[in-house]
Amino acid sequence: MKTLSPETHSAVQDKFMTARRELSEALIERDDEIDLALTALIAQEHLLLVGPPGCAKSLLLDSLMNWMHGRRFAILLTKFSTPEEVVGPVSITALKEDRYRRVTTSKLPEAELAFIDEVWKASSAILNTLLKILNERVFENDGETLRVPLRLCVAASNEWPSPETGKELTALLDRFLFRRTVRPIATLAGRRRLLWTRDHGPKLSTSITADEVDAAHKAAGALPWSDDAVEALETILRTLTKEGIQPGDRRQYKAVGATQAYAYLAGAERVSPEHLEVLASVLWDDPVEQPEKSAQVIARIANPTGMRVNQLLMEAEQILSATDVKNLGQATTATAKLGEIEKQLSAIERDPRASKARAYVRDQMRRIRLACIHEV
Ligand SMILES: Nc1ncnc2c1ncn2[C@@H]1O[C@H](COP(=O)(O)OP(=O)(O)O)[C@@H](O)[C@H]1O
Ligand SMILES: [Mg+2]
């Protein structure tokens, strides 16, 4: 790994922050997924996004792939996909000498960044190779064990694998440290943007190299932890165990690096409790039963303010979707209720999320008032 000067270091961090902003400006309601993708790249741990078709999984992951220079590999798996498509065809010249060697040029074993779409469609043969490459970062070719240059594999799917679909899939699921369910756009304002903006493709003004990603990884790993953050992480793990959520030791160990990577992305100089929120995508095993509970425990311990803001925003959305702005009575009640929420948000001082939420609620109140005037 090349050593970068201090100036280059902060330049790399700036690139991450710029990409974060530019992605977030283009993609609607995907801030958490964007943070996760960039955190995964910094942590050099694999990421899986699961959600219904058309919720911008590919748009985000493709954008991430295009952001990084270097050797990339992308594939959309089907149940007919063969190992050749993933790790390369068998060399004919080698076969003539009775050797079984794959030509891995431009395939997964030579990639620094990989995107596997519809990952659960993989056949057993592909799954086994994937497991080894993702987990041990090695590829066996003709009796030789080769280290792969893979920094990060991102994957997407429309569903979570269930235990009935077999052990191999559960094993592969565990190889992704970051895992998240992507949901359709939730707010009215978001839906408007979706409909009335024709191009959602992010325009990224920077790009990043594998060496720079390595530098970010190293810098993140060197970030110190505040005492509060140490205590919060230990409390989270204890509380999760009490709730019946006990991610394996490897996952717990890797949670430390994951949190540091997120703190680095946030531009922090040390890890503080709110950075632990990224662990909502890390600290659970069962994708159906546990993620929500785990997220609640983590938010309660790591970021009670953020949790309160989210609750208030959700209440605001409920009011908005239940209100017919053409009905004067309903509109008046809604603005009164929204005013109440706005007041509660304004009581949360010096929290950027709270002020953003407050501006949003105010905007919505203004919109309802305007619609009323229009009606009258
Ligand atoms: N949250 C969103 N932000 C911006 N565009 C979106 C969003 N959700 C869907 N789209 C639009 O829908 C298209 C389909 O998304 P895509 O990434 O192919 O979905 P997926 O891979 O989840 O099936 C995108 O290219 C974009 O135009
Ligand atoms: Mg897709």
Side-chain angles (χ1 to χ4, degrees), residues 23 27 30 32-68 70-83 85-87 106-137 139 148-162 165-183 213 250-251 254 258 261 278 280-282 284-288 291:
L23 285 166
L27 296 169
R30 292 296 165 258
D32 291 346
E33 289 79 9
I34 292 165
D35 281 0
L36 214 53
L38 294 172
T39 303
L41 192 55
I42 297 164
Q44 303 201 353
E45 292 288 353
H46 312 309
L47 162 71
L48 168 69
L49 296 179
V50 174
C55 62
K57 301 184 293 298
S58 298
L59 188 57
L60 168 61
L61 298 178
D62 281 334
S63 309
L64 185 79
M65 293 282 283
N66 290 329
W67 187 49
M68 196 175 119
R71 283 167 289 163
R72 292 165 293 187
F73 173 76
I75 191 167
L76 174 72
L77 290 178
T78 70
K79 55 180 184 222
F80 305 110
S81 301
T82 59
E85 293 167 51
V86 181
V87 289
S106 71
K107 299 294 180 193
L108 181 61
E110 297 197 11
E112 293 167 316
L113 190 58
F115 175 17
I116 302 177
D117 211 347
E118 296 295 342
V119 55
W120 310 124
K121 299 261 164 68
S123 65
S124 224
I126 294 182
L127 276 177
N128 280 325
T129 326
L130 275 183
L131 274 174
K132 201 142 185 121
I133 293 185
L134 296 196
N135 194 33
E136 294 158 41
R137 307 204 189 216
F139 176 64
V148 300
L150 188 69
R151 302 302 193 286
L152 172 68
C153 171
V154 293
S157 173
N158 296 335
E159 74 265 303
W160 294 99
S162 65
T165 44
K167 274 216 175 72
E168 278 169 333
L169 292 193
T170 331
L172 186 59
L173 176 64
D174 193 45
R175 295 305 177 268
F176 294 92
L177 185 69
F178 299 101
R179 302 169 299 187
R180 185 177 167 87
T181 300
V182 187
R183 295 181 206 287
V213 168
R250 180 180 48 191
R251 219 159 245 289
K254 287 191 169 187
V278 75
S281 299
V282 174
W284 49 264
D285 288 318
D286 177 341
V288 182

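Nothing fancy with the numbering, it's 1 onward along the sequence. Values below: all heavy atoms of this structure, side chains included; hydrogens, waters and symmetry mates excluded.
To the nearest 0.5 angstrom, Ser58 atom OG is 4.5 Å from Asp117 atom CG. Here the CG atom belonging to Leu38 is positioned 6.0 Å from the CG atom belonging to Leu23, to the nearest 0.5 angstrom. Between Leu152 atom CG and Arg72 atom CZ the span is 13.0 Å, to the nearest 0.5 Å. Here the CD1-CD1 distance, from Ile126 to Ile116, works out to 9.0 Å after rounding to the nearest 0.5 Å. Atoms CG and CZ, from Leu36 and Phe178 in turn, are 6.0 Å apart once rounded to the nearest 0.5 Å. Put simply, CH2 on Trp67 and CG on Leu113 are 10.5 Å apart, with the number rounded to the nearest 0.5 Å.
Here the closest non-hydrogen pair linking Asp286 and Pro291 is O-CD, 3.2 Å. In terms of heavy-atom proximity, Phe176 sits nearest to Leu172 at CD1-O, 3.3 Å. Heavy-atom minimum distance, Cys153 versus His46: N-ND1, 3.0 Å. Shown here for Val278 and Ala258, the closest heavy-atom pair between the two residues is CG1-O, 4.0 Å. Across all non-hydrogen atoms, the minimal contact from Ala125 to Pro83 is CB-CG, 3.8 Å. Across every non-hydrogen atom of Asn158 and Pro52, the tightest pair is OD1-C, 4.2 Å.
With contacts defined as side-chain heavy-atom distances shorter than 4.5 Å, the pair Glu45/Val282 does not qualify. Between Trp120 and Leu48, the closest side-chain pair of non-hydrogen atoms falls below 4.5 Å.
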- Message: Set out, in order, the CA-CA distance, both residues' side-chain angles and the distance that settles side-chain contact (heavy atoms from CB on, under 4.5 Å) for Val87 and Ile133, then state yes or no.
- Response: CA-CA 10 Å; Val87 289; Ile133 293 185; 4.3 Å; yes
- Message: Assess the residue pair Gln44 and Val213 against the criterion (side-chain contact (heavy atoms from CB on, under 4.5 Å)); give the C-alpha distance rounded to whole Å, side-chain angles, the decisive distance to 0.1 Å, and a yes or no.
- Response: CA-CA 8 Å; Gln44 303 201 353; Val213 168; 3.5 Å; yes
- Task: For Thr129 and Val86, run side-chain contact (heavy atoms from CB on, under 4.5 Å): C-alpha distance rounded to whole Å, both residues' side-chain angles, the deciding distance at 0.1 Å, then the answer.
- Result: CA-CA 9 Å; Thr129 326; Val86 181; 5.8 Å; no
- Let me see the working for Thr170 and Asp285 under side-chain contact (heavy atoms from CB on, under 4.5 Å), right down to the final yes or no. CA-CA 9 Å; Thr170 331; Asp285 288 318; over 6 Å; no
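Applying the side-chain hydrogen bond (donor to acceptor under 3.5 Å, both in side chains) criterion to Ser63, with sequence neighbours excluded, gives no partner residue. Residues passing the side-chain hydrogen bond (donor to acceptor under 3.5 Å, both in side chains) test with Thr181 are Trp160, sequence neighbours excluded. For Ala171, the side chain to side chain contact (heavy atoms under 4.5 Å, CB included) partners at least two apart in sequence or on another chain are Leu131. With sequence neighbours excluded, the residues satisfying side-chain hydrogen bond (donor to acceptor under 3.5 Å, both in side chains) with Asp174 are Arg250, Arg251. Scored by the side-chain hydrogen bond (donor to acceptor under 3.5 Å, both in side chains) test, Arg30 finds no partners at all (sequence neighbours excluded).
Looking at Arg151, its side chain does come within 3.5 Å of a backbone N or O of Pro149 through a donor-acceptor pair. Side chain of Glu85 to main chain of Thr82: a donor-acceptor pair is present (N/O by atom type, distance under 3.5 Å, no hydrogens or angles). Under the 3.5 Å distance criterion, the side-chain polar atoms of Glu112 are matched with a main-chain donor or acceptor of Arg71. Side-chain atoms of Lys57 do not come within 3.5 Å of backbone N or O of Ala155 as any donor-acceptor pair.
Pairs of residues two or more places apart, or lying in two chains, that qualify as salt bridge (Lys or Arg N to Asp or Glu O under 4.0 Å) and include a residue from residues 120-135 are Glu118-Lys121, Lys132-Glu136, Lys132-Glu140.
With respect to Leu47, the side-chain contact (heavy atoms from CB on, under 4.5 Å) criterion is satisfied by exactly one of Leu177, Thr39, Leu64, Val154: Val154.
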